[in-house]
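This report refers to the structure that appears directly beneath it.
Below, all heavy atoms of this structure are taken into account, side chains as well, without hydrogens, waters or symmetry copies. Quick caveat, the model's predicted, so the values are computed rather than measured.
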Amino acid sequence: MSGSVWLDMNTEIQQQLALQVSLSLDRHDTFLRQHGLETCGIVIDVGTGSGQFLKEVATRNPGIRFIGIDNKSHMVEAASNHAVSNVDWVFADALDDATAQAVEGADGILMRYFLLHLQDTCSSLKRLLDSARPGTR
């Protein structure tokens, strides 16, 4: 046992994430298209986790550049195993300056389940979204 539930239950967590993606991908894809995904050149996925969702979205949208960000190194390591040419996987905190700079250059921001992990949702979300350009999806 490593002492971290995230690492000790990694297999179970990966299976749960895969199930969530398989159950919700088409619904989320429809939502993203309705809200302008196809008009984006660069999309940031904050809290990308294992990258399974972003891998599928990126595969369906090869003309868009995606950046998957997560603050758990083992998740970024798992995500980087997805060989998708239009995705960069980044180990970073969603609220640090480097992420804010990435958000400034993005046309779209994904935050699936990210908000569930914030301690101070209101101020954290405001800080992240204040970095976004007007018109960011």
Side-chain angles (χ1 to χ4, degrees):
M1 298 289 279
S2 72
S4 169
V5 69
W6 293 108
L7 296 177
D8 294 340
M9 296 187 64
N10 190 49
T11 300
E12 292 84 358
I13 290 169
Q14 296 300 330
Q15 289 171 345
Q16 177 64 34
L17 292 170
L19 177 62
Q20 288 175 0
V21 170
S22 68
L23 293 174
S24 66
L25 181 62
D26 288 335
R27 188 174 67 244
H28 282 121
D29 186 61
T30 299
F31 177 86
L32 293 172
R33 290 182 189 292
Q34 289 172 340
H35 290 88
L37 176 65
E38 293 168 327
T39 67
C40 296
I42 300 173
V43 175
I44 307 288
D45 182 20
V46 181
T48 199
S50 66
Q52 293 179 42
F53 177 74
L54 189 57
K55 174 192 79 159
E56 296 298 332
V57 172
T59 299
R60 292 179 179 201
N61 298 279
I64 300 173
R65 187 94 202 130
F66 292 91
I67 302 170
I69 297 172
D70 205 285
N71 69 345
K72 293 182 176 58
S73 61
H74 69 283
M75 287 296 198
V76 174
E77 184 178 326
S80 65
N81 289 323
H82 301 297
V84 185
S85 63
N86 58 330
V87 180
D88 293 314
W89 308 105
V90 178
F91 173 62
D93 187 298
L95 302 175
D96 70 11
D97 291 337
T99 301
Q101 288 177 346
V103 167
E104 286 176 9
D107 304 303
I109 304 170
L110 298 175
M111 291 185 280
R112 277 181 85 237
Y113 307 119
F114 167 72
L115 299 177
L116 300 174
H117 299 280
L118 294 174
Q119 290 184 11
D120 183 352
T121 305
C122 190
S123 66
S124 297
L125 186 57
K126 180 176 178 359
R127 180 174 176 198
L128 182 65
L129 296 180
D130 281 348
S131 300
R133 298 186 314 243
T136 299
R137 304 274 183 184

Would you say the side-chain atoms of Asp88 pair up with the backbone N or O of Ile67, donor to acceptor, closer than 3.5 Å? no
Enter the distance from Asp96:CG to Leu128:CG here, rounded to the nearest 0.5 Å. 10.5 Å
Is it true that Lys126 and Asp120 make a salt bridge, defined as a side-chain N closer than 4.0 Å to a carboxylate O? no
Distance check, rounded to the nearest 0.5 Å: Ile44 atom CD1 versus Arg65 atom CZ? 10.5 Å
What residue among Val43, Ile69, Val87 forms side-chain contact (heavy atoms from CB on, under 4.5 Å) with Leu54? Val87
Between Arg127 and Asp97, does any NZ, NE, NH1 or NH2 come within less than 4.0 Å of an OD or OE carboxylate oxygen? yes
What pair of heavy atoms forms the shortest contact from Gly49 to Ala79, and how long is it? O-CB, 3.9 Å
Greater than 12 external heavy atoms within 6.0 Å of Glu104's CD: yes
Please round to the nearest 0.5 Å and tell me the distance separating atom CD of Gln52 and atom CE of Met75. 9.0 Å
Check whether any side-chain N or O of Asn86 sits under 3.5 Å from a backbone N or O of Asn61 as a donor-acceptor pair, and report yes or no. yes
Of Ile64, Thr39, Ile42, the residue whose pairing with Asp107 passes side-chain contact (heavy atoms from CB on, under 4.5 Å): Ile42
CZ of Phe53 to CG of Asp29, rounded to nearest 0.5 Å, is 7.5 Å
Do side-chain atoms of Asp70 reach the backbone of Val76 as a donor and acceptor pair under 3.5 angstrom? no
What is the distance from atom CZ of Arg27 to atom CG of Leu32, rounded to the nearest 0.5 Å? 11.5 Å
Indicate the atoms forming the closest heavy-atom contact of Thr59 with Pro62, along with that distance. O-CD, 3.7 Å
Compare every heavy atom of Trp89 with every heavy atom of His82, then report the nearest pair and how far apart it is. O-NE1, 3.7 Å
Tell me, do His28 and Leu110 make a side-chain contact under 4.5 Å, heavy atoms counted? no
Measuring only between side-chain heavy atoms, which start at C-beta, is Leu37 closer than 4.5 Å to Arg60? no
Considering all heavy atoms of both residues, which atom of Arg137 and which atom of Cys40 are nearest to each other, and what is their separation? CG-SG, 4.0 Å
